[in-house]
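So that the names make sense, note that chain A is the first sequence line, chain B the second, and so on, each numbered from 1.
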2 protein chains.
Amino acid sequence: MSDTTTPSLPEEIAARLRDRITGGILRPGQHLSEAVLAADMQVSRNTLREVFRLLTREGLLTHLPNRGVSVAVPSMGAILDIYRVRRLIELPALANARPRHPAIARMSEAVDDARAAREAGDWQGVGSANMQFHAGIVALTDSPRLTAFFAQLTAELRLAFGLIDDAQELHAPFIETNQDLLHRLVAGDTQGAAEHLASYLDRSERLVLEAFARIEMR
Amino acid sequence: MSDTTTPSLPEEIAARLRDRITGGILRPGQHLSEAVLAADMQVSRNTLREVFRLLTREGLLTHLPNRGVSVAVPSMGAILDIYRVRRLIELPALANARPRHPAIARMSEAVDDARAAREAGDWQGVGSANMQFHAGIVALTDSPRLTAFFAQLTAELRLAFGLIDDAQELHAPFIETNQDLLHRLVAGDTQGAAEHLASYLDRSERLVLEAFARIEMR
DNA sequence: TCACATTTATTGTTCAACAATCCGCGCCGA
DNA sequence: TCGGCGCGGATTGTTGAACAATAAATGTGA
């Protein structure tokens with residue numbers, strides 16, 4: 001945000017690895033060998049270790065002493081916790097929003113992106129756009145700390161999404177919901193928008209938990 | 001939390017450095033040389049760099065590419081943001097608390113510790129205990145993510161406290177307030193406790209901002 | 001089959017080296 | 001005198017290799 005310079009190499013590698021994880025290329029539980037991943041990423045082991053620390057603190061990786069790191073496996077407890085925190089943050093953010101806040105443009109963009117991704121059959125993209133939409137909601141608070149914290153939650157949540165096969169059912173139904181929510185917001189009906197969001201979060205959480213339960217039992 | 005084994009060396013160094021920063025031994029704005037600090041901490045430069053990444057992400061250090069790290073200097077904007085987030089988290093935490101939650105014991109301990117520290121004239125200790133008290137409030141939510149996030153806010157806030165000379169005036173008046181708040185909580189008056197907390201946060205924020213303004217103008 | 005020693009692979013940490021970048025200093029010309 | 005210019009020197013960024021420490025895998029004997 002305050003740094004316009006190119007992000008340092010470890011940050012860059014962290015971003016790439018983050019994409020691989022949330023993109024589902026690296027499955028939860030999978031062990032990551034320092035040597036092979038360093039060779040794969042074309043960086044030294046030392047640099048990669050810095051990256052590991054970063055992502056571990058973000059909750060994307062799990063570190064066991066002397067046994068290396070592996071992709072974190074989301075638990076039901078984690079999902080419940082994340083949705084609880086989302087409610088705590090997003091609902092007041094929306095309820096107290098100024099109706100002409102710049103972040104609204106980002107939310108509007110996100111809705112468009114989601115539509116485009118749906119047309120293209122890119123369900124992964126729909127998920128990304130949806131998360132962008134909610135990041136916009138948090139941006140309404142103008143709080144850098146909340147924004148950063150939420151980004152972390154988002155990353156962790158996408159880990160869980162990756163486990164669910166039919167991502168289609170997960171995000172697609174909410175595009176129209178988001179559109180509607182956005183309309184209410186620009187119309188100044190923050191209260192109605194917040195109520196809408198509350199029911200969205202309930203439905204989304206249930207969907208994730210159900211899909212998760214189906215998976216955990218095999 | 002989940003790790004009962006001894007924390008790895010970088011974590012340990014990070015903790016030590018964190019203490020030095022929040023303890024005021026390292027002043028905000030002070031530049032930290034990798035070479036001398038590595039020698040001082042008796043660790044290699046590589047290990048220290050991992051630590052730097054950690055604390056940078058926590059907001060305690062500022063990293064400028066090719067110019068190394070220095071202790072972060074808190075800004076008024078940061079303080080405002082932190083208190084806003086604190087309200088967002090702490091008020092609902094208290095309002096929705098179960099009156100016999102285990103975290104209440106921690107809060108009670110914190111009050112006692114604060115008293116003991118005040119007797120001993122250890123104002124630094126009063127500050128620590130006060131923060132422990134508020135960490136207890138957050139613990140009422142049973143949310144590991146909120147707890148971790150709050151710990152981060154706390155560390156950053158103590159950075160600002162360190163700049164203020166008379167830490168005495170900063171925390172001491174709130175010992176009785178906390179005690180009172182605790183009584184209301186165990187009595188089941190969560191609403192009253194929350195209102196109490198709200199006024200506490202207002203006063204505390206004002207005190208910090210005023211002291212901060214006095215300092216910034218020289 | 002089980003318990004135990006041994007080997008092997010991986011991680012944890014250090015060290016030394018070199019490239020890249022920034023900072024201060026002296027030089028030079030106007 | 002003053003302001004640009006280039007040049008070292010110091011610090012950071014990154015790498016590679018080395019070795020110790022630990023855990024997993026393997027083999028051995030009863």
Side-chain angles (χ1 to χ4, degrees), chain A residues 1-21 25-73, chain B residues 1-21 25-73:
Chain A
M1 217 67 76
S2 57
D3 224 355
T4 63
T5 64
T6 55
S8 72
L9 197 146
E11 301 283 355
E12 213 171 317
I13 302 296
R16 270 213 282 159
L17 195 52
R18 215 178 279 125
D19 287 349
R20 282 203 199 182
I21 293 171
I25 296 157
L26 267 29
R27 307 285 303 180
Q30 182 173 343
H31 178 84
L32 302 183
S33 156
E34 291 186 357
V36 316
L37 198 58
D40 195 23
M41 294 283 202
Q42 310 247 38
V43 295
S44 85
R45 246 183 85 210
N46 272 322
T47 303
L48 186 63
R49 286 178 117 267
E50 285 195 22
V51 173
F52 280 174
R53 299 276 175 204
L54 268 288
L55 299 189
T56 297
R57 182 157 277 263
E58 285 180 30
L60 285 181
L61 298 181
T62 304
H63 175 100
L64 296 125
N66 293 314
R67 287 204 270 165
V69 304
S70 39
V71 181
V73 303
Chain B
M1 217 72 74
S2 57
D3 224 355
T4 62
T5 64
T6 54
S8 73
L9 197 146
E11 301 284 353
E12 213 170 319
I13 302 296
R16 269 212 284 161
L17 195 52
R18 214 178 279 125
D19 287 348
R20 281 203 199 181
I21 294 171
I25 296 158
L26 267 31
R27 307 284 304 179
Q30 181 173 346
H31 178 83
L32 302 183
S33 156
E34 292 187 355
V36 317
L37 198 58
D40 196 24
M41 294 282 202
Q42 309 248 39
V43 294
S44 86
R45 247 182 85 210
N46 272 323
T47 303
L48 186 63
R49 286 178 117 269
E50 285 194 21
V51 173
F52 280 174
R53 299 275 175 203
L54 268 281
L55 298 190
T56 297
R57 180 158 276 267
E58 285 180 30
L60 285 181
L61 298 180
T62 304
H63 174 100
L64 296 125
N66 292 315
R67 287 204 267 164
V69 305
S70 39
V71 181
V73 303

> Whole-Å distance between C:dT11 C1' and A:Arg53 CZ?
Replying inline: 11 Å
>> Between P on C:dT14 and CD on B:Gln42, what's the gap in Å once rounded to a whole number?
In response: 10 Å
> Taking side chain as C-beta onward, heavy atoms only, is B:Leu37 less than 4.5 Å from B:Leu17?
Replying inline: yes
> Roughly, in whole Å, what's the span from CD in A:Glu34 to C1' in C:dT10?
Replying inline: 8 Å
> OP1, OP2 of C:dT11 versus side-chain N and O of A:Arg49: anything below 4.0 Å?
Replying inline: no
> What about B:Arg67: does its side chain form a donor-acceptor pair under 3.5 Å with the base of D:dG13?
Replying inline: no
> Can you tell which of D:dT14, D:dT12, C:dT14 lies closest to the side chain of B:Leu9?
Replying inline: C:dT14
>> Give me the atom names and distance for the closest heavy-atom approach of A:Val69 to A:His31.
In response: O-ND1, 3.5 Å
> How long is the span from the NE2 atom in A:His63 to the CZ atom in A:Arg57, to the nearest 0.5 Å?
Replying inline: 12.5 Å
> Looking at A:Ile21 and A:Leu61, what are the two nearest heavy atoms and their distance?
Replying inline: CD1-CD2, 3.7 Å
>> Using side-chain heavy atoms (C-beta onward) and a distance below 4.5 Å, is B:Val43 in contact with B:Glu50?
In response: no
> Over how many whole Å does the gap from A:Asn46 atom CG to C:dT11 atom C1' extend?
Replying inline: 12 Å
> NA contact type, B:Leu32, heavy-atom cut-off 4.0 Å: base, sugar-phosphate, or nothing?
Replying inline: sugar-phosphate
> Can you check whether B:His31 has a side-chain N or O nearer than 4.0 Å to OP1 or OP2 of C:dC22?
Replying inline: no
> How long is the line joining NE2 of B:His63 and C1' of D:dG13, in whole Å?
Replying inline: 9 Å
> Pick the nucleotide of DNA chain D nearest each of A:Arg45 and A:Pro10; which residue has the one closer to the 5' end?
Replying inline: A:Pro10
>> Tell me whether the side-chain N/O atoms of B:Thr47 come closer than 4.0 Å to OP1 or OP2 in C:dT14.
In response: yes
> What's the CG-P distance between B:Asn66 and D:dA10, to the nearest Å?
Replying inline: 18 Å
>> Whole angstroms only, please: what is the CD-P distance between B:Glu11 and C:dT11?
In response: 18 Å
> Could you state the CZ-C1' distance from A:Phe52 to C:dT13, rounded to the nearest angstrom?
Replying inline: 16 Å
